[in-house]
There are 2 protein chains.
Amino acid sequence: MSDELMTIRQMCDAFDVTPRTLRFYEARELIFPQRRGQHRLYDRRDRARLTLILRGKRFGFSLEQIRQLLELYAPGSTNRTQIAATITVGEERLADMERQYAELSEAIADLRKQLSDAQIRLAAASHEQPTG
Amino acid sequence: MSDELMTIRQMCDAFDVTPRTLRFYEARELIFPQRRGQHRLYDRRDRARLTLILRGKRFGFSLEQIRQLLELYAPGSTNRTQIAATITVGEERLADMERQYAELSEAIADLRKQLSDAQIRLAAASHEQPTG
DNA sequence: CGTCTTGCTTACGTTCGCGTCAACTTGATC
DNA sequence: GATCAAGTTGACGCGAACGTAAGCAAGACG
């Protein structure tokens, strides 16, 4: 069961990203795969981080914002002010997400209404020529 | 009450965007202000569209996706296949948003947990040196 | 009349998040 | 030992979404 360590190719297949992407994230210090010689090896931690990265991206966060958030998920520092700072940015992101959550709820309701209106227009247009 | 028509400057102030942005959206056919001579004038319709554009952006949609969505909000075409196509893309966007909504809910719960864990670490670090 | 402000067009510059080579190493295989 | 696949490090390229700067028009104002 060597599902502990994965090569870059396995990672790419598993997460549907390209090698370039993984190296890019590493360059931006979002993940830190080990090296066996020259080759990168990704462990469970790296995979967890990548999951969070991709999730964060889907919410529209920048890689830098995500990097800061990842510190919250990593038991890295024991420095008091560091932890406090990390918490602060985490709370900001949380606020962002909560705002987005509320707005998304509205937007979905909105879009549903527009869709049903359009369905009506579609039905009304049924007796006209079917093409333009 | 000439709140019916607004200049580009008034729009920028109202929506916190730059003139460049408004002209850019126009070039991409997301808004269609009237012209008085050379000057652009924005009416209620334009403002509604801009609101939707900015909202869409916050959800991570591209301007092109937003442009397509806007057709749903504009009583533009009476062409049956056109309306049907518009509905289709609208449903796709809706699905996107619903997925995002669900995932966001998870992510928020997740982040809350990480934050509370971090608070605990912060408390635990209290008796150590307060700086590094 | 000059000039100030507001806006216009055109066009090149910039940042982010990668894509796409090129050239090299390295371990495996014929 | 030649080749081949998999991986590596640069370095440049690219599309999206604007920023920025140059140069022109046109009404307002002293």
Side-chain angles (χ1 to χ4, degrees), chain A residues 2-43 46-47 49-70 89 93 96 100, chain B residues 2-43 46-47 49-70 89 93 96 100:
Chain A
S2 71
D3 66 345
E4 179 60 24
L5 293 177
M6 291 172 60
T7 75
I8 200 169
R9 193 72 333 265
Q10 293 173 321
M11 287 292 283
C12 292
D13 293 347
F15 288 91
D16 193 30
V17 294
T18 69
R20 179 71 180 91
T21 299
L22 291 178
R23 295 189 199 109
F24 185 76
Y25 291 167
E26 185 178 347
R28 294 302 184 83
E29 304 187 17
L30 294 170
I31 41 180
F32 312 94
Q34 318 162 22
R35 292 298 181 106
R36 178 157 58 199
Q38 279 289 71
H39 293 24
R40 291 166 170 82
L41 286 177
Y42 300 83
D43 61 13
D46 296 314
R47 275 169 269 167
R49 292 174 74 89
L50 183 53
T51 299
L52 287 169
I53 293 168
L54 298 178
R55 168 190 280 179
K57 285 201 52 184
R58 264 171 263 136
F59 299 148
F61 293 140
S62 73
L63 292 185
E64 174 55 22
Q65 288 177 320
I66 294 171
R67 194 189 61 74
Q68 293 177 4
L69 256 185
L70 282 172
V89 308
R93 289 305 133 252
D96 286 348
Q100 197 171 351
Chain B
S2 71
D3 65 346
E4 179 61 23
L5 293 177
M6 290 172 62
T7 76
I8 198 168
R9 193 81 316 276
Q10 291 173 320
M11 288 291 283
C12 292
D13 293 347
F15 289 91
D16 193 31
V17 295
T18 70
R20 179 71 181 91
T21 299
L22 292 178
R23 295 188 199 111
F24 185 76
Y25 291 167
E26 185 178 348
R28 293 303 185 85
E29 304 187 17
L30 293 170
I31 41 180
F32 311 95
Q34 318 162 22
R35 291 298 181 105
R36 177 156 60 198
Q38 279 290 72
H39 293 25
R40 292 167 169 83
L41 286 177
Y42 300 83
D43 61 13
D46 296 314
R47 275 169 270 166
R49 293 175 73 89
L50 183 54
T51 298
L52 287 169
I53 293 167
L54 298 178
R55 169 189 281 180
K57 285 202 52 183
R58 264 171 264 136
F59 298 148
F61 293 141
S62 74
L63 292 185
E64 174 55 24
Q65 288 178 319
I66 294 171
R67 195 188 61 74
Q68 294 176 4
L69 257 184
L70 282 173
V89 306
R93 289 305 131 258
D96 286 348
Q100 197 171 350

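Sequence lines set the chain letters: A, B, ... in the order given, protein chains first and strands last, and positions in each chain run from 1. Just the heavy atoms: all of them, side chains too, but no hydrogens, waters or symmetry mates, feed the values below.
- For the pair A/Tyr42 and A/Leu50, the minimum side-chain heavy-atom distance is 4.5 Å or more.
- The nearest whole Å value for the distance from the CZ atom in A/Arg40 to the C1' atom in C/dT25 is 14 Å.
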Give the C-alpha distance, both sets of side-chain angles, the deciding distance and a yes or no for side-chain contact (heavy atoms from CB on, under 4.5 Å) between A/Gln100 and B/Arg58.
CA-CA 8 Å; A/Gln100 197 171 351; B/Arg58 264 171 264 136; 6.0 Å; no
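- Counting heavy atoms from C-beta on, the side chains of A/Pro19 and A/Arg9 come closer than 4.5 Å.
- Side-chain atoms of A/Leu63 lie closest to C/dG17 of the nucleotides D/dT9, C/dG17, C/dT9.
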For residues 21-28 of chain B, tabulate all N or O donor-acceptor pairs below 3.5 Å that involve a side-chain atom, not counting sequence neighbours.
residue : atom : partner : partner atom : Å
B/Thr21 : OG1  : B/Thr18 : OG1          : 3.0
B/Glu26 : OE1  : B/Arg40 : NE           : 2.5

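- At whole-Å resolution of the value, CD1 in B/Ile66 and C1' in D/dA17 are 11 Å apart.
- An OP1 or OP2 oxygen of C/dG7 is reached within less than 4.0 angstrom by a side-chain nitrogen or oxygen of B/Thr7.
- For the segment residues 20-39 of chain A, residues with any heavy atom less than 4.0 angstrom from an atom of DNA chain C are, sorted by number, A/Arg20, A/Thr21, A/Phe24, A/Tyr25, A/Arg28.
- One can place CG of A/Leu50 at 14 Å from C1' of C/dC18, the figure rounded to the nearest angstrom.
- Rounded to a whole Å, the CZ atom of A/Arg9 is 20 Å from the P atom of C/dG27.
- Rounding to the nearest 0.5 angstrom, the gap separating the CG atom in A/Leu69 from the CG atom in A/Leu52 is 8.5 Å.
- Between C/dG17, C/dG7, D/dG7, one nucleotide has an atom nearer to the side chain of A/Ser62 than all others, and that is C/dG17.
- Regarding A/Gln65, its CD atom lies at a distance of 14 Å from the C1' atom of C/dG17, rounded to whole Å.
- At whole-Å resolution of the value, CD in B/Glu64 and P in D/dA17 are 9 Å apart.
- Atom CG in B/Leu5 sits about 14 Å away from atom P in C/dG7, given to the nearest Å.
- A/Asp46 and A/Arg49 are not joined by a salt bridge, as no carboxylate oxygen comes within less than 4.0 angstrom of a charged side-chain nitrogen.
- Note that CG of A/Asp16 is 9.0 Å distant from SG of A/Cys12, once rounded to the nearest 0.5 Å.
- A heavy-atom distance below 4.5 Å is not found between the side chains of A/His39 and A/Thr7.
- Heavy atoms from other residues, nucleotides or ligands lying under 6.0 Å from CZ of A/Arg36 number 12 at most.
- Annotation: proximity of residues 54-61 of chain B to DNA chain D (heavy atom, distance under 4.0 Å) is found for B/Lys57, numbered in ascending order.
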